[in-house]
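Note that the coordinates shown come from a computational prediction; the quantities given were computed from them, not determined experimentally.
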Amino acid sequence: MVTDHRTTQPALARTGYLLAAFAFAVCMAGTTLPTPLYGLYRERIGFSELTVTVVFAVYAFAVIGVLLLVGNVSDAVGRRPVLLGGLVCAACSAVVFLAADSVPLLCLGRLLSGLSAGLFTGTATAYVLELAPRDERGRANFVATAANMGGLGCGPLLSGLLSQYAPYPLLLPFAAHLVLLAVSFGLLLLLPETVADARPLRTARPNRPELPPEVRQVFLPAGIAAFAGFSLLGLFTSVSPAFLAEGLDVHNRAVVGLVVFTTFFASTIGQLLVPRLGSARAIPLGCLVLIAGLALLAGSLAWAVLALLVLAALVGGAGQGMGLRGAVGEVADASPAEHRGGVLSALFVVAYFGISIPVIGVGLLTGPLGLAHAGLVFAACMALLAAASGAYLLRRTSTES
């Protein structure tokens with residue numbers, strides 16, 4: 001059950017959800033912070049492109065494991081304990097990266113980062129929505145998804161700039177993130193709990209996310225759209241640095257971070273369009289825009305053109321953002337309040353499978369086919385998935401009308 005916190009914390013009634021969104025963004029920024037740095041780690045440690053995708057996938061599978069086992073635990077023990085635990089995991093990840101000098105340590109850092117994202121993703125989305133005043137619930141939907149995508153985009157931008165233009169390129173980005181995590185921890189301690197009758201944390205038990213019957217019909221197309229959109233994000237955050245270096249001869253880490261940031265920035269812009277379109281129409285339209293972005297990505301891979309890669313980031317990111325906010329809105333609206341955290345976690349389980357499985361596939365195909373051709377196979381498969389989701393929703397809409 002969700003409680004009305006406004007009577008107990010009037011001073012934070014209008015701004016509490018924005019503070020929660022800031023903590024959400026800071027946590028998610030840590031998950032993409034290493035993206036421009038993998039080239040430096042390869043020089044220091046020595047590993048293949050397949051290893052990069054495996055290290056990246058460790059993060060995604062950690063997210064999935066947390067969402068599957070404790071994705072709905074915040075519905076029982078409260079949002080704040082889960083989010084505070086997520087910040088602790090993020091801080092431990094940063095500490096591991098500060099000492100990373102081997103592939104196992106990189107994997108451990110990504111594992112801890114995945115745990116933090118898994119604890120935050122569904123829970124923080126629900127928390128931001130519940131903290132918002134009733135007359136700002138629509139805006140809060142955007143704030144939650146923008147904090148997610150914006151945080152993911154700011155991570156590589158921050159580390160790219162610091163590693164390129166400041167000293168200690170493998171140390172300063174993670175030290176800066178630790179400072180932001182400490183601020184976020186203090187902010188969460190100030191915010192009220194939104195789950196009434198929350199049980200003590202020690203009573204938490206692993207439990208798979210549940211899909212109430214009223215959610216299942218909308219969940220399938222929303223999940224497919226989220227899978228396809230997140231797969232594009234996974235490619236940009238794991239493989240694009242190598243493609244920029246090998247295919248386009250771009251070695252400036254700030255530029256790498258900016259290209260990745262562009263994808264997530266465009267996702268946030270795409271989300272701004274959803275209120276005018278409505279959540280139901282945003283998903284199929286987002287799939288269409290995503291397909292256009294994948295076509296541009298294919299062109300960039302085939303002809304090694306940087307401008308096409310940037311356009312792919314802008315168009316594909318916008319399509320992903322439209323689809324994601326539409327999916328979150330449709331699923332959240334269909335979910336009973338007492339199951340909302342678990343249902344949103346289930347949606348992000350599907351999304352993070354999109355980050356992990358296709359990226360590993362690209363890594364496996366890079367050896368026999370080369371990075372560019374492996375990316376082309378990826379773009380074709382994801383375009384088919386996006387088309388399937390959009391067609392399903394359009395057919396269902398026409399049947400209902």
Asker: Of all heavy-atom pairs between Val215 and Pro336, which one has the smallest distance, and what is that distance?
Answerer: CG2-CD, 4.4 Å
Asker: To the nearest 0.5 Å, what is the distance between OG1 (Thr145) and CE (Met322)?
Answerer: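 Here the rounded value is 12.5 Å.
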Asker: Might you work through the side chain to side chain contact (heavy atoms under 4.5 Å, CB included) test for Val250 and Phe243, ending with a clear yes or no?
Answerer: CA-CA 9 Å; Val250 175; Phe243 176 67; over 6 Å; no
Asker: Without swapping roles, check the side chain of Ser159 against the backbone of Leu33 for a donor-acceptor pair under 3.5 Å.
Answerer: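 Checking the backbone N and O of Leu33 against the side chain of Ser159, a donor-acceptor pair under 3.5 Å is found.
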Asker: Any side-chain donor-acceptor pair under 3.5 Å between Arg253 and Ser163?
Answerer: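 Arg253 vs Ser163: donor-acceptor pair found between side chains.
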Asker: Using modelled atom types only, decide if a donor and an acceptor are shared between the side chain of Thr31 and the backbone of Met28 within a distance under 3.5 Å.
Answerer: yes
Asker: Can you tell whether the side chains of Arg79 and Glu193 come within less than 4.0 Å, N to carboxylate O?
Answerer: no
Asker: Please find the pair of heavy atoms, one from Phe261 and one from Cys154, that lie closest to each other, and give the distance.
Answerer: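 Smallest heavy-atom distance, with atoms named: CD1-N, 4.1 Å.
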Asker: If you count heavy atoms of other groups shown closer than 6.0 angstrom to CZ of Arg216, is the number above 12?
Answerer: yes
Asker: When rounded to the nearest 0.5 angstrom, what distance separates OG1 in Thr268 from CZ in Arg325?
Answerer: 10.5 Å
Asker: Do Arg44 and Leu170 have side-chain heavy atoms sitting under 4.5 Å apart?
Answerer: yes
Asker: Hey, are Tyr17 and Glu130 close enough side-chain-wise for a donor-acceptor pair under 3.5 Å?
Answerer: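 Checked: Glu130/Tyr17 side chains show no N/O donor-acceptor pair below 3.5 Å.
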Asker: How long is the gap from CG on Leu115 to OG on Ser93, to the nearest 0.5 Å?
Answerer: 9.0 Å
Asker: Enter the distance from Ile283:CD1 to Leu277:CG here, rounded to the nearest 0.5 Å.
Answerer: 11.5 Å
Asker: Tell me whether Ser356 contacts the main-chain N or O of Tyr352 through its side chain, where contact means a donor paired with an acceptor under 3.5 Å.
Answerer: yes
Asker: Taking all non-hydrogen atoms of both residues into account, name the closest pair between Leu178 and Ala91 and its distance.
Answerer: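 It is CD2-O, 3.7 Å.
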Asker: Compare all side-chain heavy atoms of Gln164 with those of Pro169 and state whether any distance is below 4.5 angstrom.
Answerer: no
Asker: Below 4.5 Å, heavy atoms only, C-beta onward: do Leu119 and Cys89 meet side chain to side chain?
Answerer: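 Heavy-atom side-chain distance check passes, below 4.5 Å.
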Asker: Backbone N or O of Val362 within a donor-acceptor pair of the Thr366 side chain at under 3.5 Å?
Answerer: yes
Asker: Identify the heavy atoms of Ala312 and Leu297 that sit nearest to each other, and give their distance.
Answerer: CB-N, 3.5 Å
Asker: Taking side chain as C-beta onward, heavy atoms only, is Met382 less than 4.5 Å from Leu232?
Answerer: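 SC-SC contact between Met382 and Leu232 ruled out.
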Asker: Would you say Phe265 has more than 12 foreign heavy atoms packed within less than 6.0 Å of its CZ?
Answerer: no
Asker: What is the minimum heavy-atom distance between Leu188 and Leu87, and which atoms define it?
Answerer: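 Heavy atoms of Leu188 and Leu87 come nearest at CD1-CD1, 3.5 Å.
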Asker: So, do Leu244 and Leu309 sit near enough that their side-chain heavy atoms are less than 4.5 Å apart?
Answerer: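 Answer yes - side chains close enough.
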Asker: Side chains of Arg42 and Thr51: closer than 4.5 Å at any heavy-atom pair?
Answerer: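 No, side chains not in contact.
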Asker: Could you tell me the separation between the CG atom of Leu311 and the OG1 atom of Thr262, rounded to the nearest 0.5 Å?
Answerer: 10.5 Å
Asker: Within the structure provided, determine whether Leu84 and Leu189 are in side-chain contact (heavy-atom separation under 4.5 Å).
Answerer: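 A side-chain contact exists here, since the closest heavy-atom pair is under 4.5 Å.
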Asker: So how far is it from Phe264 CZ to Thr237 OG1, rounded to the nearest 0.5 Å?
Answerer: 5.5 Å
Asker: Test your reading of the model: is there a side-chain donor-acceptor pair from His373 to the backbone of Leu365, 3.5 Å cut-off?
Answerer: no
Asker: Report yes if some heavy atom in the side chain of Val55 is under 4.5 Å from a heavy atom in the side chain of Tyr38; otherwise report no.
Answerer: yes
Asker: Under 3.5 Å, is there a donor-acceptor pair between the side chain of Ser231 and the main chain of Ile355?
Answerer: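 Side chain of Ser231 to backbone of Ile355, a donor-acceptor pair under 3.5 Å: no, none is there.
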Asker: If you take all heavy atoms of Cys287 and Ala386, which pair is closest and at what distance?
Answerer: CB-O, 3.4 Å
Asker: How are the rings of Tyr59 and Phe56 set relative to one another: parallel (under 30°), tilted (30 to 60°) or perpendicular (over 60°)?
Answerer: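 Geometry flag for Phe56 against Tyr59: tilted rings.
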Asker: The test is ring-ring contact (aromatic ring centres under 6.0 Å, His included); show your working for Phe227 and Phe353 and say whether it passes.
Answerer: CA-CA 7 Å; Phe227 181 97; Phe353 269 117; 7.7 Å; no
Asker: Measure the acute angle between the ring planes of Tyr41 and Phe97, then classify it against the limits of 30° and 60° as parallel, tilted or perpendicular.
Answerer: tilted
Asker: Evaluate Leu235 against Phe230 for side chain to side chain contact (heavy atoms under 4.5 Å, CB included), listing each step before the verdict.
Answerer: CA-CA 9 Å; Leu235 189 77; Phe230 267 64; over 6 Å; no
Asker: Walk me through whether His251 and Val256 qualify under side chain to side chain contact (heavy atoms under 4.5 Å, CB included).
Answerer: CA-CA 8 Å; His251 300 278; Val256 173; over 6 Å; no
Asker: Is the backbone N or O of Leu191 less than 3.5 Å from a side-chain atom of Arg80, with the two atoms forming a donor-acceptor pair by type?
Answerer: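 A pair under 3.5 Å: yes.
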Asker: Evaluate side chain to side chain contact (heavy atoms under 4.5 Å, CB included) for Thr125 paired with Phe348, printing each intermediate quantity in order.
Answerer: CA-CA 11 Å; Thr125 300; Phe348 283 107; 4.1 Å; yes
